[in-house]
Number of protein chains: 2
Amino acid sequence: MDARQLPLAQPTQPERADATRNRALLLSTARALLEQNGVDNLTMDGLARAAGLGKGTVFRRFGSRTGLLLELINEIETEFQRRFLSGPPPLGPGAAPIERLVAFGRERIAILAVQGDLLRAADEGPDARFVSPPRAAGQLHISILLRQAGFDGDVDVQSFNLIATLDAALVLYENRGEQIEMRRVADGWEDLVRRVARPRS
Amino acid sequence: MDARQLPLAQPTQPERADATRNRALLLSTARALLEQNGVDNLTMDGLARAAGLGKGTVFRRFGSRTGLLLELINEIETEFQRRFLSGPPPLGPGAAPIERLVAFGRERIAILAVQGDLLRAADEGPDARFVSPPRAAGQLHISILLRQAGFDGDVDVQSFNLIATLDAALVLYENRGEQIEMRRVADGWEDLVRRVARPRS
DNA sequence: GGTACAACCGGACCATGGTCCGTTTATTCC
DNA sequence: GGAATAAACGGACCATGGTCCGGTTGTACC
């Protein structure tokens, strides 16, 4: 059992009171703007102005637009993580590894169906896409389950392959661009997992 | 047998002579800049200046930076496409479908090992990533081979899943970020394909 | 050749992510 | 409370992808 958590979730170094206040203000303002205009229209400058702060402040707090989105997503990801790490089966511990894997993907896809746009926007940038802590946590989880299931292949590589299959942009494109219902995508995940997990030859 | 080709490869509507000339000039200039400075330092304005043309011209010819990169890549993709559509086996026709699938991924990964940065840069943008003609062609190819192999699952969804596994950014991250040798990535592809293609249950 | 028109060209202009640095302010320690 | 310091702040500034439109030029047709 690996207890790695989202770094975002743990309290960071002591932050000055005004900084903390502004972070909270920015996050709530961002959420409001998000709900109102959608993620595509959330600009850093606009957020700064709406919060009555300077643009520099926004960047200092979150580093980049992606960083901001990552914090906005944090709640969703943390909740998901909690559920697959310690929630009820079949997602959480207690069910067979394969069943947990199946549930993991199905849950993920269900989340994407609802929060897809935000999740997708959050891992933009061709590089940063793989560095995000939530993604790393999910991949680690897959690795662990694969091993527990007695997977007899290259766990590292296959965990990359499996999680790539749950990429927000990919799933959203299948669904919206290609008109494939989420149900089929989810069934596809289950089928893939079961095929992959069977002993080799 | 589906003869769909890269739209890029077929001659488009008659283009005025100066336009054609400038397109060629821009492409060769871009290639020179690319070799010299790397893809990250190729800017549209810089290209225009280096070619002695206006920025608007560059955008008119290629639509966007991604469009330009797509044309730069066209040669590589067309060649690859030719090989898997009509080249010698096991990549081309003549080998068993599964073997062709295996060869397809291995070849793709080999190409990424060499031209990775350019290929990755070419499908940026969270949306446009799936629309690019080369990708569509590759996915279609996978679909066809899966069917020929008698695959008994959801071909559409699994072709998405399989091709996602060969994404440039993903493979490059495995290799460079996680220090997984390309050989392992390629072996992982083969293993994945063979597992997926076996009859269900 | 001349004329008309569509296509092309250029570069000013815009939007937005990100950086910089002089100024302000919270905090700590006397 | 006051001084010292590190952190935070703000907004001007930069780079770059992308748009626009008035002027130019290739091409077709007479």
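Below, chains carry the letters A, B, ... as their sequence lines are ordered, and counting in each starts from 1. These values consider heavy atoms only, across backbone and side chains, with no hydrogens, waters or symmetry-generated copies.
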Chemist: Start with the C-alpha distance between A/Val196 and A/Phe151, add both sets of side-chain angles, then the distance that settles side-chain contact (heavy atoms from CB on, under 4.5 Å), and finish with yes or no.
Modeler: CA-CA 8 Å; A/Val196 166; A/Phe151 179 73; 3.7 Å; yes

Chemist: Verify the neighbour count for atom CZ of A/Arg183: are there more than 12 heavy atoms of other residues, nucleotides or ligands below 6.0 Å?
Modeler: no

Chemist: Would you mind reading off the distance between B/Leu68 atom CG and D/dT16 atom P, rounded to a whole angstrom?
Modeler: 15 Å

Chemist: Nearest whole angstrom, please: distance from the P of D/dG17 to the CG of B/Asn41.
Modeler: 11 Å

Chemist: Rounded to the nearest angstrom, tell me the gap between atom CG in B/Leu47 and atom C1' in D/dT16.
Modeler: 13 Å

Chemist: In whole Å, I'd like the distance from the CG atom of B/Asp40 to the P atom of C/dG18.
Modeler: 15 Å

Chemist: Is it the case that the side chains of A/Asn161 and A/Gln158 hold a donor-acceptor pair, with the cut-off being a distance below 3.5 Å and no angle test?
Modeler: yes

Chemist: Report yes or no: is there a donor-acceptor pair, N or O only, under 3.5 Å between the side chain of A/Arg16 and the base of D/dA8?
Modeler: no

Chemist: Please list, for nucleotides 10-13 of chain D, all pairs of protein and nucleotide N/O atoms separated by less than 3.5 Å.
Modeler:
residue, atom, partner, partner atom, Å
D/dG10, OP2, A/Gly54, N, 3.0
D/dG10, OP2, A/Thr57, OG1, 2.9
D/dG10, O6, A/Arg60, NH2, 3.4
D/dG11, N7, A/Gly56, N, 3.4
D/dG11, O6, A/Gly56, N, 3.3

Chemist: Closest to the B/Phe59 side chain: C/dT19, D/dG18, D/dA8?
Modeler: D/dG18

Chemist: Given atom CZ of A/Arg65 and atom C1' of C/dT19, what is their separation to the nearest angstrom?
Modeler: 18 Å

Chemist: Just how far, in rounded Å, is C1' of D/dC9 from CG of A/Leu25?
Modeler: 14 Å

Chemist: Can you check the B/Leu26 CG to C/dC8 C1' distance for me, whole Å?
Modeler: 13 Å

Chemist: More 5' along DNA chain D: B/Asp45 or A/Thr20, using each one's nearest nucleotide?
Modeler: A/Thr20

Chemist: Of all the heavy-atom pairs spanning A/Gln139 and A/Ile163, show the shortest one and how long it is.
Modeler: N-CD1, 3.5 Å

Chemist: Hey, could you give me the CD/CG distance between A/Glu107 and A/Leu112, rounded to the nearest 0.5 Å?
Modeler: 10.5 Å

Chemist: So which nucleotide from D/dG18, C/dC9, D/dA8 ends up closest to the side chain of B/Arg61?
Modeler: C/dC9

Chemist: Testing B/Phe104, B/Phe84, B/Phe160 one by one against B/Ile142 for a side chain to side chain contact (heavy atoms under 4.5 Å, CB included), which residue passes?
Modeler: B/Phe104

Chemist: Out of curiosity, A/Arg194 CZ to A/Leu101 CG, how far, rounded to the nearest 0.5 Å?
Modeler: 10.0 Å

